[in-house]
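Notes follow once the structure below has been shown.
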Amino acid sequence: MEYVPRAIEKKWKDWWEKHQVYRVTDCLDKPKFYILNMFPYPSGAGLHVGHPLGYIASDILGRYKRLCGFNVLNPMGFDAFGLPAEQYAIEMGIHPAVSTEENIRRYRRQLEDLGLSFDWSREIRTCDPKYYKWTQWIFSLLFRHYYDYDAQKALPITHLIARLEKEGNAQVNAACDSDTPRISAEEWNAYSEEQQQLFLLQYRLTFPEETYVNWCPALGTVLSNDEVKDGVSERGGYPVERRRMKQWSMRITAYAERLLEGLEEIDWPEAIKEQQRNWIGRSVGAIVRFPVEGRSDLSVEVFTTRVDTIYGATFIVLAPEHELVAQITAPKQWTEVQNYLKWVASRSERERMAEVKRVTGVFTGAHAVHPLTGSLLPIYVADYVLVGYGTGAIMAVPSGDQRDWNFATAFRLPIVPILDRQKNLDQAADPTKEGRYINSGIINGLTYEEAVPKLIEWLQQHQLGRARIQYKLRNAVFSRQRYWGEPIPIYWKNSVPYLLPEEELPLVLPEIDKYLPTETGEPPLARAQQWRYRPSPEESYEYEYNTMPGWAGSSWYWYRYMDPHNDQAFCSPEALQYWRCVDYYIGGAEHAVGHLLYSRFWNHFLYDLGLVPEREYAKKLFNQGMIQGRSSIIYRARESFYEEYLWIKVLQPYLQEFEPMRIPHNRAEESFTYDFAFATNDLVIEVVSHKHIDKIETVRQTAEADGKRLLILFTEELAASINEPERTAERIRQALQSRAPFLMAEGIPAIEQLFVSYELTQKYSPEAFSRLHVDISLVDDDVLDLEKARQRPMFQKANFKVGPEGRFLCAYEIEKMSKSKYNVINPDEVIEQYGADCFRMYEMFLGPIEASKPWDVKGITGIQGFLRRFWSLFFDAEGTWLVRNDEPSRQELRALHTAIKKITEDIERFSLNTCVSHLMILTNELRGLKCHKRAVLEPAVVLIAPFAPHLAEELWHQLGHESTVCDAHWPRWEERYLTSEHITYAVQVNGKLRGNITVEASASPAEIEALVLSQEFVRRFVGEKAVRRVIVVPGRIVNVVA
RNA sequence: GCCCGGGUGGUGGAAUGGUAGACACGCAGGACUUAAAAUCCUGUGGCCGUUGAGGCCGUACGGGUUCGAGUCCCGUCUCGGGCACCA
């Protein structure tokens, strides 16, 4: 039998399907192993070669664990709500559910082609009402609970109500809004129903809140902090501004400490844990109250981590949004302050970030009283103080804090040294904690460790301050003004939100006519006519029009896989008891502070309610790296009659080497085409404007004759094409029709067309043009200079290659694989050519899975050859079966058992690239030994099965087995086959390798030492010197020290 | 600026403090072939030397610990990632 990957793979894919080989049941007599991949968003672009990396790795681990006797759950599903489907719906008028369904189908097909052992009967989709019923249900639970710091867990809101009725909230130590008033039982009981409900919102774990949010006008929705990068939206790169809006919020801050502590008990990459720690941002400090001069009713509360520097405070700064600003501003400063506030409000997040260094602010005219010295400190407003952190106000200590120093210097405010070790305060602030305090009243002469408790005690006694732990973590905005998300199961009555009754869930997404906001600016859901749920016909009520954010459905999905079809519960207690939690979680590091933090938060909450068995749901996390794309750039120089210089960042990542295409004279009548085309091994690029479109016929002929594909870049006059995309496209179309009709004909596989200008201008504004990675730009003469080229933004990260005569350059850049960068490689093509087994092993062989690396198809032939050689252990070139039942030799067994040991150990530590190496070594050795023995080859098939399942299944059945190789037993190595009668020692003299000796395995260290010292080469290197010491490392090395 | 990772042949990458460069790609030479592809064999870190002597230098750079350092420690450079007026 001959090795034909595609045929074998098709055969076994069908067989697995027919025999339900990957069906997982809750098998109580077997130990469980739960592997989870972060589920993908099914984008329209389909899979690229970067996606499967983690899936393949998890599949290998899963197959291995199954062979070791575990009941393995390694499920797959789709995080199917999201922006792109909705944007597509807006553009094309297709319902998001339809395009999502289509995308999922394609994803599933691609995943199945990889031979992944997912149990598709457990597939979940977050957009399925049967699924999001439970997302909404968890939301309801959050609404019905509050977090009690004394109990250190979430408790039902009814507990709180009972306490309020009895004793008010004076003794309640719970997570709540910072401005929650203290009320007595009488006050509470006197509240109306609405007042009580509004009051409770201050405690609920999810609640509507008026806050500053990241508003993205282009997307028409708010974004969470982790969806904003560099002041623009992560998706689409649109500007983001701060806006005060009413939004649903999740009180994740209640869990700040728990989320921090939980990190200690999970085996996650240190980098991720560190990022989460930074994001939570715990800092220990104090709140200090500075009374406002002449206003006995007002005082400024500040948060500081350096209360010890309080004597160095020379002024107070409020955030522009701070509520005191309006109350304290002196009349004569009124205009100036107002202007400043207006200016601040007008700046976008992006501008603000770009101008971090600039010092701005304004004096309010008011002063605060220093609580210890009684001196007057001017109160300023400045945007370097953020309203969202601490109290939104600071005491400025210019001698110890660089930002305060900058401000003090700019506004000529005093800088007072407070530690005798502070230096060069005229140059910069010195934040040291060393030395003893000076100019510091009650702490003069003390050290940092002594001063802090003393000050806090003093402040507490005088009711002017207290110790405080502060977190950077903010409550998470939970509503989005979009259509394609989970509806929030809430209705409003008299501006008070009420939960839908549980039996009404799921609240199904209603149909709407257009996926756009209403004319009055309400979210798309406001267009819905047909809400299934009607709270009560008599009363007036309103629906909730926001939907949940993308991270809602992904915050609990791992439980659903345990029991995916349950309509009575999110997951049955039995399934929870068996599967408990994820043993191995695999996914990208980009979710470090988004999904991975929110999902931990939900899990802690569910744990508090006794609904799930573990505090932390993912015991181990592994981050796979990214497979990056390679984007090529070519430069072409000026042509005699072609007046543009062009930089082109090209689309095919495998374009690495460019040569000017030399069209032989016998093929081309006119040689000028020579200068217009660039060629690689399998592709010709022709740069042409519509005026010269008929010339490409010559190029086409040449390309076809060479068996190369032709890529045509239409480079119209850029200004014109940017301003008039439609006309440009039309012009190109007409030119093609009249002068190069062959390009319009279908079924010419050798030709690809790309309307670069057209595509660019249709999709992107001129403003976006400079950031775009498919980029054409006109350049000046002097850019031929390499150094100058590098200064252009698009080339800063590029690697250059200078062409002959310095006439053109080519270059490439490694970057994330993404559709928008036109550097995507689709796995389908690779699988078509080499087979899924080869693709799987090649991706693993590329390097450690945690590393990011560019996709490069170069080495894949090595794997291809390896698989053929492995096959050739079983069949000869004529396809004759070679396997015999002979007794294996010691050498053969040693090769096998060495491989078993190495591969077992390496899978356990998830080093899959070296596993592939060991399989190669085994194959090479067995071929060298001409080993065709069943006793060796059968275990070898099991060893390769996790990596190349199709090939293994075929050979397994050829070996006479009826059942799947997936249920074979993982071989165990036996030490007795690994040992040998002789051991070769490396011999060093003074740490330098000088030779080898081979001794009996039983030789004692003393015997080895004697033998080594008698060696001629040892004596030569020792020379006249006396041997001072001999170190014998058993089994490895001998070092002679002279 | 702060916090994490990295830096090893032409390339991807191996190496519990114990023979650096496994395995593979690429390249060179050879076999088979009319030829090419495919396949197989040999070689392949650099330098000097030899033509079955060998030697020296090599894991970003400079120091240190150790019998022994790619690996541990200190400092420098550099690349990547994350955070960033967080008081």
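Here is how names work: the chains are called A, B, and so on, in the same order as the sequence lines, proteins then strands, and each is numbered from 1. Since the structure is predicted, the reported quantities are computational estimates derived from the model, not experimental observations.
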- Task: Take atom CD1 of Ile903(A) and atom C1' of C23(B), then tell me their distance rounded to the nearest Å.
- Result: 12 Å
- Message: Quick test of your reading: applying salt bridge (charged side-chain N to carboxylate O under 4.0 Å, His left out), list the pairs with at least one residue in residues 378-401 of chain A, sequence neighbours left out, ordered by first then second residue.
- Response: Arg347(A)-Asp383(A), Asp401(A)-Arg403(A)
- Pairwise side chain to side chain donor-acceptor pair (under 3.5 Å) hits with a residue in residues 916-929 of chain A, at least two apart: Ser872(A)-Arg927(A), Asp906(A)-His918(A)
Sort me out a list of protein N/O and nucleotides 10-12 of chain B N/O pairs below 3.5 Å, or just none if empty.
| residue | atom | partner | partner atom | Å |
| --- | --- | --- | --- | --- |
| G12(B) | O2' | Leu846(A) | O | 2.7 |

- Atom-pair distance (CD on Glu905(A); P on A22(B)), nearest Å: 21 Å
- Note on the structure: Sorted by chain and number, sequence neighbours left out, side chain to side chain donor-acceptor pair (under 3.5 Å) with Glu850(A) holds for none
- Geometric class of the Phe839(A)/Trp855(A) ring pair [parallel <30°, tilted 30-60°, perpendicular >60°]: tilted
- Message: Is the ring pair Phe315(A)/Phe407(A) parallel, tilted or perpendicular, if the boundaries are 30 and 60 degrees?
- Response: parallel
- Message: Are Tyr834(A) and Tyr842(A) an aromatic pair, judged by ring center distance below 6.0 Å?
- Response: no
- Task: With sequence neighbours left out, write down each residue that passes side chain to side chain contact (heavy atoms under 4.5 Å, CB included) with Ser283(A), or none if nothing qualifies.
- Result: Phe303(A), Thr305(A), Tyr389(A), Gln470(A)
- Message: Say we look at G10(B) and U59(B): how far apart would their P atoms be, to the nearest angstrom?
- Response: 13 Å
- Item | A87(B) phosphate, OP1 or OP2, under 4.0 Å from Ser283(A) side-chain N/O | yes
- Message: Below the 4.0 Å mark, does C23(B) have OP1 or OP2 next to a side-chain nitrogen or oxygen of Asn913(A)?
- Response: no
- When rounded to whole Å, the CD1 to C1' distance for the pair Ile627(A) and G80(B) reads 17 Å
- Message: Can you list, in residue-number order, the parts of residues 384-397 of chain A that come under 4.0 Å of RNA chain B, counting heavy atoms only?
- Response: Tyr384(A), Val385(A), Leu386(A), Tyr389(A), Ile394(A)
- Query: Between Tyr471(A) and Thr253(A), do the side chains contain an N or O donor and an N or O acceptor separated by less than 3.5 Å?
  - Reply: no
- Item | P atoms of A14(B) and A87(B), separation to the nearest Å | 39 Å
- Message: I'd like to check the salt bridge (charged side-chain N to carboxylate O under 4.0 Å, His left out) partners of Arg277(A); sequence neighbours left out, ordered by chain and number.
- Response: Glu264(A), Glu270(A), Glu274(A)
- Task: Could you give the distance separating A37(B) and G45(B) at their C1' atoms, to the nearest angstrom?
- Result: 32 Å
- Send over the distance from Ile1031(A) CD1 to U19(B) C1', rounded to a whole Å. 16 Å
- Item | Same-atom distance (C1') from G7(B) to G12(B), integer angstrom | 15 Å
- Message: When the C1' atoms of G81(B) and U11(B) are compared, how many Å lie between them, rounded to an integer?
- Response: 24 Å
- Item | P spacing across the pair G70(B) / U19(B), given as an integer number of angstrom | 10 Å
- Item | Residue-level proximity of residues 467-475 of chain A to RNA chain B when a heavy atom falls under 4.0 Å | Lys472(A), Arg474(A)
- Output row for RNA chain B, stems defined as at least 3 consecutive Watson-Crick or G-U pairs under 3.5 Å, is B:1-7 with B:77-83, B:10-12 with B:23-25, B:26-31 with B:39-44, B:45-48 with B:54-57, B:60-64 with B:72-76
- Message: Taking C61(B) as the reference, what is the distance to A22(B) when you measure between their C1' atoms (whole Å, please)?
- Response: 27 Å
- Message: What's the gap between U44(B) and A38(B) when it is taken at their C1' atoms, as a whole Å value?
- Response: 23 Å
- Task: Would you kindly give the CZ-to-P distance between Arg277(A) and G82(B), to the nearest whole Å?
- Result: 19 Å
- Query: What residues, two or more places apart in sequence or in another chain, satisfy side chain to side chain donor-acceptor pair (under 3.5 Å) together with Thr432(A)?
  - Reply: none
- Note on the structure: Residues at least two apart in sequence or cross-chain that pass ring pair (Phe, Tyr, Trp, His ring centres under 6.0 Å) with Trp871(A), listed by chain then number, are Tyr3(A), Phe875(A)
- Note on the structure: Note: contacts of residues 862-880 of chain A with RNA chain B (heavy atom, under 4.0 Å) are Gly862(A), Arg868(A), Arg869(A)
